[in-house]
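Since the model is a prediction, treat every value here as computed from it, not as a measurement. A note on names: the letters A, B, ... follow the listed sequences, proteins ahead of strands, and every chain is numbered from 1.
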There are 2 protein chains.
Amino acid sequence: MVTLAEVAQHAGVSASTVSYVLSGKRSISTTTRQRVEESIRTLGYHPNAGARALASSRSNIIALMIPLRTDMYVPVMMEIAIAVATTARAHGYDVLLLTGEEGPDAVRRVTGSGLADAMIVMDVELRDERLPLLRGTDRPSVLIGLPADTSGLTCVDLDFRATGALCVEHLASLGHRDIAVIGEAPGVYERHTGFAERTLQGLRGRALELGLRLLHRPCEGGYDAMALTLSRIFDERPGTSGFVVQNEAAVEPLLALLRQQGRAVPEDVSVVAVCPEQVATQASVRLTSVAVPAQEMGRHAVEQLVAKLGGRGSDEVVLLPPELTVRASSGPAPGWAGP
Amino acid sequence: MVTLAEVAQHAGVSASTVSYVLSGKRSISTTTRQRVEESIRTLGYHPNAGARALASSRSNIIALMIPLRTDMYVPVMMEIAIAVATTARAHGYDVLLLTGEEGPDAVRRVTGSGLADAMIVMDVELRDERLPLLRGTDRPSVLIGLPADTSGLTCVDLDFRATGALCVEHLASLGHRDIAVIGEAPGVYERHTGFAERTLQGLRGRALELGLRLLHRPCEGGYDAMALTLSRIFDERPGTSGFVVQNEAAVEPLLALLRQQGRAVPEDVSVVAVCPEQVATQASVRLTSVAVPAQEMGRHAVEQLVAKLGGRGSDEVVLLPPELTVRASSGPAPGWAGP
DNA sequence: CCGGCCTGTCGAAGCGCTTCGACGGAGTAT
DNA sequence: ATACTCCGTCGAAGCGCTTCGACAGGCCGG
C-alpha cells in the first residue's frame, strides 16, 4: 500500500506539499505539481480513506437510507439509488447504503461515528422518527419525500398533488365524468406515506372543481386483488370510463382484466398511470402516464447536499413539476361529442 | 463529538481499557466492563469510523458494485442489494454502493484507498476487466454471477444451466414437443453475460436429450418487439406450444399477445418464466416459474466474505439449485394423451 | 517463602493524512 | 538599499483509535 510519504520521497518534496497538490488548498508551482502528479501516477497512489477522514474529519461519503420493503416503487428506488451514486461520484463522494431496518439508530450511528458527511433519506413517513434527529444534527440531510412538518428540513419530491390534478384534468378534457382511482396497497395509506395522500388530494381537489365524480380504492398488487377491486368499482359506478392507477403492481392486472371483460382501452375506458417511464412504455398497452422523475430526484438530492457541505445551499422544499405524456391508453370518453 | 478518551475519563480508566471493552480482544473484569459500558451509554459514544479504520486498517465496509444499466433484472438487483445490506449489518459491516460506471478503476480505488475491506461484484461478464484486479489483490471478493474462468475467484449464482434443463423437463413432461425460448435483449447476449448463455445451454442440452425442438429468440422488452418476435416464431414453428421466457420486460407483452391471438394459457400454450417470484405471482396469469433466489444470493455472498475476512472460507463456486414452481400458466399440450 | 504464571490494566507508539505556522527567496514599493 | 509582501515549500502537531509491551498484584506449586 503506497502512502503519501512514499510519493513525497519519490518526488523529492515534503509530505505536506503532496497533500496540497492533492487538495489544491495552497498554490504549488507548476513544475512541482507535475513532478508530484507524475509520482502519484507511477506509484499508483490512492489516499487512504481512513486517514483522510480522521485528519480532515470529513469522510467524503454520503449515506443513502433506502426502504427495507420492496413492496412498492422498486424500479424508482433503484433508479434513485443509481442516480445518487453516479452524481455523488461526480462530486467526489461515495455512497453508503443503509436500509430502513435500523430505523432512527442508523442516523445516530452515522452522525456519531462520522461515517458519512451527509445523508439522503428515502421513504419518509409523515411523522418519521428520524426527523427530530436530522433536525438536531449539524450534518446536512435531504429527504426524498415529504413529511408533515418540513421546517428545518430540505426535501425533494415530485409534486404529487399537481400530479393528481393533472391526471384528472387530462381525463376531464377527454370528456370522462366518472373516474376511478386504483391506489397503492392499503398499508401504504395506513403508514401515512405522504405521496399517496398528496396524490389523492390533488385528484379529489381538481375533480371537485371540474365537477367529476371520483372513486378511490386502494389495491394490493396482483391479479386477484385487482379483480375484486375492479368488480366493486363497476358495481358502484357502472359508468366509470377513466382510471388513474398509482400502483405498478396493479397496472398489468388492470389492463388484462379490462381486456377480458371486453372493455377496450382506450375506446371504452381510458387509463392514466403514475409510474416510471419504463413501466409505462413496456406495459401491454403503452400507457398515458405521469412519470416519477426518479433520476432527477436523486441527482437533485445529491447536488443539494454537496451545496450544503460547501457552505452554500439552504433548507427548502423542492417539488418537481409533473409532466403527463399522452400515449395509447387514453382517448375520448364513449359518446363524447368533444369540447 | 464524544471520544474514546472522554469515555475513559468518565469511567475512570485508561483509553486502552475502553478499547478492549469494545473489541473484546483482552479480558476485562466484569466491574470495569460494566462501568465502561455505562459511560458509553450515558455519553452516547460512537467510535469514530475514520480513526478506527486508520488504526486497525480495517474499515468494516463491504463494497457492492451494481450494474449501471437498469435494462434488466431490476427487482433482482434491488433484492440482492437489500439482502447484502441487511446481512452485512448483521455482521457489523456497512455497505458502500458503487455503480459499474467507474469500471475497473473502482476496484483500484477501493483497494488502494482501503475504503472497503472486501467487495461484492454483480453483473459479471464472461471476461470481465475487473477479474484480473480482483485476483491480484489480497482483499476478498465474491462475484454474483459466473465468468468464463473462475479460478482463484469465489462466485455465487443460480445454476442457470440446471434452470434451463428444468424448464424443458417440465414442458416435456406435459407433452410439449415444440418449444420457443424468449430470451433477454440481443445486447445481453452480445455482452456475453454468463447467465443468459448458461440458461440456453441447459435448455438446448435437455431438449436434445429429450428429443424436443427448441427455438431461441432474443427479444427486447416491450409490446412491439414482442409482437414481432412472436409472429416470427409462429411463422417458423406453427406447432409451438411451450414457451420459456427469460426477460421480465417480455412477460406481460407475451401474455397479452397470446390472449389477443386467441391462444389460451395454459390450454393452448404453456408459459414457463425465469424471473423473480414477485413478477411471477403478479403477472396477469400466475406464472409457472423458476425463481431467481436474489435474497439468498446476496446473503450468501456476504457470509462468504465475512468468513474470508475472518480467515475462514475459501475460493469456490456455489451454484444454487433452481426450483420450479408450478402455477397457472402451464398445462398439458393440446391433444396430448398423457404419459 | 520464592520463582513463575496468569489476569487485568496502563502508557506509549504509531496508523496516514491535513493543516497551521514558519521561513527563505523573489518581487515590489519606497 | 530597506522594508514589505507574496509565493512556494517545509516541519511538526495532531485527528481518535488500536495494539504491543510492561507491570502490579494475586495465585499456584515446589
Side-chain angles (χ1 to χ4, degrees), chain A residues 1-37 39-40 43-61 92 94 109-117 309, chain B residues 1-37 39-40 43-61 92 94 109-117 309:
Chain A
M1 187 136 297
V2 190
T3 69
L4 226 215
E6 292 171 320
V7 174
Q9 190 176 4
H10 185 272
V13 298
S14 76
S16 47
T17 301
V18 178
S19 178
Y20 286 122
V21 167
L22 251 36
S23 69
K25 293 194 177 172
R26 283 200 184 174
S27 54
I28 298 286
S29 69
T30 318
T31 56
T32 306
R33 189 203 328 287
Q34 285 173 347
R35 202 141 36 82
V36 170
E37 282 167 353
S39 297
I40 288 176
L43 296 180
Y45 169 71
H46 288 270
N48 179 295
R52 184 169 257 196
L54 176 56
S56 65
S57 53
R58 301 196 305 101
S59 64
N60 288 306
I61 288 180
D94 273 294
R109 196 166 62 85
V110 165
T111 57
S113 68
L115 239 185
D117 298 333
L309 288 168
Chain B
M1 186 137 298
V2 190
T3 69
L4 226 214
E6 292 171 320
V7 174
Q9 189 175 5
H10 185 271
V13 296
S14 76
S16 46
T17 300
V18 177
S19 178
Y20 285 123
V21 167
L22 251 36
S23 69
K25 293 193 178 173
R26 284 202 185 174
S27 54
I28 298 286
S29 68
T30 317
T31 56
T32 307
R33 188 201 328 288
Q34 285 172 349
R35 202 141 37 83
V36 170
E37 281 166 352
S39 297
I40 288 177
L43 296 180
Y45 169 71
H46 288 271
N48 179 296
R52 183 168 259 194
L54 177 57
S56 65
S57 54
R58 300 195 310 100
S59 64
N60 288 307
I61 288 179
D94 273 293
R109 195 166 62 84
V110 166
T111 58
S113 68
L115 240 184
D117 297 333
L309 287 168

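Annotation: the span from B/N60 atom CG to B/D117 atom CG amounts to 6.0 Å, rounded to 0.5 Å. A distance of 11.5 Å separates OG in A/S39 from CD in A/E6, rounded to the nearest 0.5 Å. Interatomic distance, A/T30 OG1 to A/R35 CZ, rounded to the nearest 0.5 Å: 12.0 Å. We find the CG-CG distance between B/L4 and B/L22 to be 6.5 Å, quoted to the nearest 0.5 Å.
Across all non-hydrogen atoms, the minimal contact from B/V2 to B/V7 is CG1-CG2, 4.2 Å. In this structure, A/S59 and A/L115 approach most closely via the heavy-atom pair OG-O, 3.0 Å.
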Along nucleotides 16-27 of chain C, 5' to 3', which nucleotides get a B, which get an S, and which get a -, given that the test is a protein heavy-atom distance under 4.0 Å? BBBBBBB-----
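In this structure, B/R35 atom CZ and C/dG8 atom C1' are separated by 12 Å, rounded to whole Å.
Results of the side-chain contact (heavy atoms from CB on, under 4.5 Å) test with B/R33 over B/V13, B/I28, B/V18, B/T17 single out B/I28 as the only residue that passes.
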Can A/D94 and B/V110 be said to form a side-chain contact (heavy atoms from CB on, under 4.5 Å), step by step? CA-CA 10 Å; A/D94 273 294; B/V110 166; over 6 Å; no
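Residue B/S27 has a polar side-chain atom (N or O) positioned under 4.0 Å from OP1 or OP2 of C/dG8.
At its two ends the helix from C/dC1-D/dG30 to C/dT30-D/dA1 runs along axes set 40° apart, each axis drawn from five pairs and the angle rounded to 10°.
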